[in-house]
Amino acid sequence: MNNITSEQILELRRQVLNKEFHKMNDRQREAVFSVNGPLLILAGAGSGKTTVLVNRIANIIKYGNAYGSRTVPGALSDEELSAVREYIDHDTALPQQVVDRLSVDPCLPWQILAITFTNKAAGELKNRLINMLGEAGNDIWASTFHSTCARMLRRDGEKLGYSSHFTIYDTDDSRRMMKECQKALDIDDKLLSCKSILSAISHAKDSMVLPEEFMKQAGSDNRLCLIAKAYKLYQTRLREADAMDFDDLICNAVLLLEKNQDVLDHYQNKFHYVMVDEYQDTNHAQYMLVKLLAQKSGNLCVVGDDDQSIYKFRGATIENILSFESTFPNTKVIRLEQNYRSTKNILNAANAVIENNAQRKGKTLWTNNKTGEQISVHTAFSEQDEADFIAKKVLSGVAEGRKYSDYAILYRMNSQSNILEKIFVKSGIPYRIIGGQRFYERKEIKDMIAYLSVINNPNDEIRLRRIINQPKRSIGDKTVAQATEIAAGLGESVFEVIRHADQYEPLKRTAPKLLQFAAIMQELIDASNDENTSLNELYHLILDKTDYIASLYTSENDDPQDRIDNINELASNLIKYEEENGKETSLAGFLEEVSLITDIDNFDEHSDSVVMMTIHSAKGLEFPVVFLPGFEDGIFPGMQAIYNPVEIEEERRLAYVAITRAKEELYIVNAESRMIFGSTSRNKPSRFIEEIPEELVERSRSREWKKPQPGTSLPTSAFEARAITMESARSFGPSSLIHSEPPVAQFKAGDCVSHKTFGKGMVLSASPMGNDTLLEIAFDKVGTKKLMANFARLQRA
DNA sequence: TGAGCATAGTTTTTT
DNA sequence: ACTATGCTCA
């Protein structure tokens with residue numbers, strides 16, 4: 001034995017920990033070592049918050065709260081001591097046994113809960129944890145709010161009256177359900193739309209207001225009373241259908257914990273540490289959930305950036321993060337202000353813009369990165385010209401060695417993608433659009449999911465209705481309404497009624513059709529219960545029995561091939577799911593995964609194409625070059641925000657998010673006039689542009705207004721491939737990647753050419769543009785023209 | 001029951 | 001401009 005003091009051992013331990021996490025900056029390391037008690041990490045854009053989260057979890061699992069602890073580890077043997085010194089001085093591996101020695105109150109992987117908002121973020125977290133901790137990383141609960149809650153509710157939902165295989169309704173299902181309720185309550189959709197009712201309900205659920213409470217709060221307000229009634233009926237119907245909507249997942253999970261001490265105990269004892277990412281986006285219900293789970297251990301760490309709160313319209317309350325310190329006494333606050341992503345210019349611009357907001361914690365990002373280019377503010381004369389400008393910048397950038405995937409175009413609203421898409425197709429620039437029409441929102445996909453859902457849960461009335469006449473089976477609304485009524489009268493499920501349709505007088509006429517449908521469904525249900533039928537086989541059985549694909553040919557006048565492709569795509573998703581989950585597969589499991597999935601999850605960053613998406617979807621992503629089109633008052637900030645200071649702040653945060661996505665170059669573009677909602681309007685440049693200090697900006701504008709001329713603009717005629725290309729870019733998965741062939745440079749500067757109408761001339765410059773080459777040619781007779789090589793039919797001269 | 005026409009409303013949407 | 005929705009009529 002050696003004779004080092006316990007003080008020295010504590011010091012050694014600190015050195016080991018500093019060494020282990022040496023890659024991080026001081027602030028980050030402080031966050032990693034602040035293990036116990038409430039912790040608020042204010043993490044600016046690009047400040048490495050995921051890294052901090054991952055390392056903090058790793059630290060907790062390996063060393064517990066060793067860094068700050070005064071607990072003296074037992075004496076170290078000489079051997080262990082030298083291992084420690086070797087590690088500190090020479091970076092040799094530290095044996096597990098020594099790690100264990102140095103740790104204080106470490107915890108097991110499954111005692112840690114890390115909650116994110118997106119599947120993508122959860123997946124990334126999980127991946128990085130597994131990279132760092134090996135298989136142990138797998139046991140950490142790292143998942144989204146919704147799937148965490150779903151998991152809890154599958155386990156104990158019975159206590160609230162749900163079965164373990166309840167269905168999760170998406171917005172479309174909810175809407176159908178609400179329409180039903182409106183009908184039953186005789187609420188005219190024109191006076192009170194299902195949309196507004198649902199949004200009121202959603203807000204109620206976000207703030208944990210149950211139907212009874214809502215009714216009370218409504219008082220004598222007529223409108224609110226109607227909504228309260230609809231809310232109540234809607235919940236009853238959901239319960240009957242054994243279904244929950246997205247908000248219910250959170251809300252019910254909270255109720256479950258509040259009402260069942262044993263369940264609460266279970267989770268409070270299980271989770272020693274709770275961490276929440278993107279805390280600025282949480283709503284009240286989510287706050288409740290987190291609070292309940294972390295109450296006992298007190299070890300709650302939230303990470304967020306109040307400046308990036310852009311989901312108020314969905315119920316996120318920025319107050320959660322602003323008041324965290326007062327809600328959780330003795331909170332430690334750590335600011336991560338060093339940015340590793342952007343150039344100084346970009347960061348300074350972002351800082352300058354966000355400074356105009358009053359409601360914020362206050363934080364100034366800085367960076368050691370280089371100053372970089374000035375920010376380009378370009379004024380185009382139309383939205384056409386704006387798209388042209390962007391396409392040209394991309395092409396010239398690619399000609400100089402950038403990849404297409406270095407570029408992102410972020411806009412305020414999805415409709416802005418249309419012109420960009422057209423121009424990009426014309427110029428042969430490969431691109432992908434994220435968002436807009438989503439894969440799982442396509443009609444045919446929703447139909448197939450509905451079939452699977454009904455097989456999984458025949459009580460799922462909304463989805464049963466969706467497919468009962470899809471493909472057409474001559475079962476109309478009237479019949480369905482009858483059956484529903486009978487079912488309600490008998491207290492049975494609609495499916496039961498349909499199955500015995502011949503026994504009910506009102507259904508006599510359509511009974512054969514109903515029975516036939518029920519028989520098909522029964523057959524499919526039997527097949528799904530059969531161990532030997534794989535999900536993929538079941539899926540094909542559905543297509544087979546329902547003749548769904550054939551029905552596409554007859555019922556649709558547009559090309560059904562797209563839809564068939566989508567159906568096949570879903571089949572491959574099923575197969576993928578089966579492969580990934582081995583023997584753990586179940587129909588319910590697949591449906592759960594599907595119901596919680598979104599498009600952004602499928603954003604494949606390895607494909608070489610320009611990516612376009614809304615600023616909202618871009619949160620959390622980064623790109624070397626970012627274009628921000630439509631920076632105009634009325635678009636960004638939007639019309640409705642202009643006279644509302646609170647809304648303006650939200651829009652400004654959105655602008656902040658947009659600017660901070662850029663790593664190296666940032667182009668802000670506005671157009672003097674643009675077509676919007678069918679009419680042309682002239683918008684002032686966005687006020688956010690004026691908020692960027694002039695010295696950071698380099699302004700440019702397109703030449704004076706002229707009708708775009710062939711030769712100066714990109715070719716206007718459509719290529720054959722256009723429709724196909726546009727469609728496949730919109731679709732889904734890696735199969736939709738477009739690779740354009742490298743441009744063939746037929747002509748180079750200095751070549752002498754002759755043109756049919758312009759006569760002889762000399763090529764001044766040749767710049768590749770997608771599939772084509774833009775040539776600048778000095779003609780002897782007509783002066784200098786710009787022409788596309790493929791277009792101009794030039795002859796060598 | 002389904003086709004065809006008129007009408008309204010179009011911000012964002014991690015789940 | 002565009003499209004999703006609802007309503008009417010055959």
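Scope of the values below: all heavy atoms of this structure, side chains included, with no hydrogens, waters or symmetry mates.
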- Query: Can you list the residues that meet the ring pair (Phe, Tyr, Trp, His ring centres under 6.0 Å) rule with A:Y234, with sequence neighbours excluded?
  - Reply: none
- Residues which pass side chain to side chain contact (heavy atoms under 4.5 Å, CB included) with A:R466, listed by chain and number, not counting sequence neighbours: A:D172, A:R176, A:K443, A:K446, A:D447, A:A450
- Query: Have A:S453 and A:D460 got a donor and an acceptor in their side chains that come within less than 3.5 Å?
  - Reply: no
- Query: Who passes ring pair (Phe, Tyr, Trp, His ring centres under 6.0 Å) against A:F313, sequence neighbours left out?
  - Reply: A:Y311, A:H616
Anything under 3.5 Å between a protein N or O and an N or O of nucleotides 1-5 of chain C, put it in a table, one pair a line.
from, atom 1, to, atom 2, distance (Å)
C:dT5, OP1, A:R175, NH2, 3.4

- Whole angstrom value for the distance that separates P of B:dT12 from CD of A:Q280: 21 Å
- Please name all residues satisfying ring pair (Phe, Tyr, Trp, His ring centres under 6.0 Å) with A:Y411, sequence neighbours left out, ordered by chain then number. none
- Item | Phosphate OP1/OP2 of B:dT13 contacted by A:T171 side-chain N/O (<4.0 Å) | no
- Compare the minimum distances between each of B:dT10, B:dT13, B:dT11 and the side chain of A:M413, then state the nucleotide with the smallest one. B:dT11
- Message: Of the listed nucleotides (B:dT11, B:dT10, B:dT13), which one gets closest to any side-chain atom of A:E647?
- Response: B:dT11
- Note on the structure: Sorted by chain and number, sequence neighbours left out, side chain to side chain contact (heavy atoms under 4.5 Å, CB included) with A:T510 holds for A:T479, A:L514
- Message: Please pick, from B:dT12, B:dT10, B:dT11, the nucleotide with the shortest atom-to-atom distance to any side-chain atom of A:K195.
- Response: B:dT10
- Query: Got a sec, which residues hit side chain to side chain contact (heavy atoms under 4.5 Å, CB included) with A:S681, two or more places apart in sequence or on another chain?
  - Reply: A:I676, A:N683
- Can you name the salt bridge (Lys or Arg N to Asp or Glu O under 4.0 Å) partners of A:R653, sequence neighbours left out? A:E650
N/O-N/O pairs, protein side and nucleotides 7-10 of chain C side, under 3.5 Å:
none

- Task: Could you work out which one of B:dT13, B:dG2, B:dT11 sits closest to the side chain of A:N469?
- Result: B:dG2
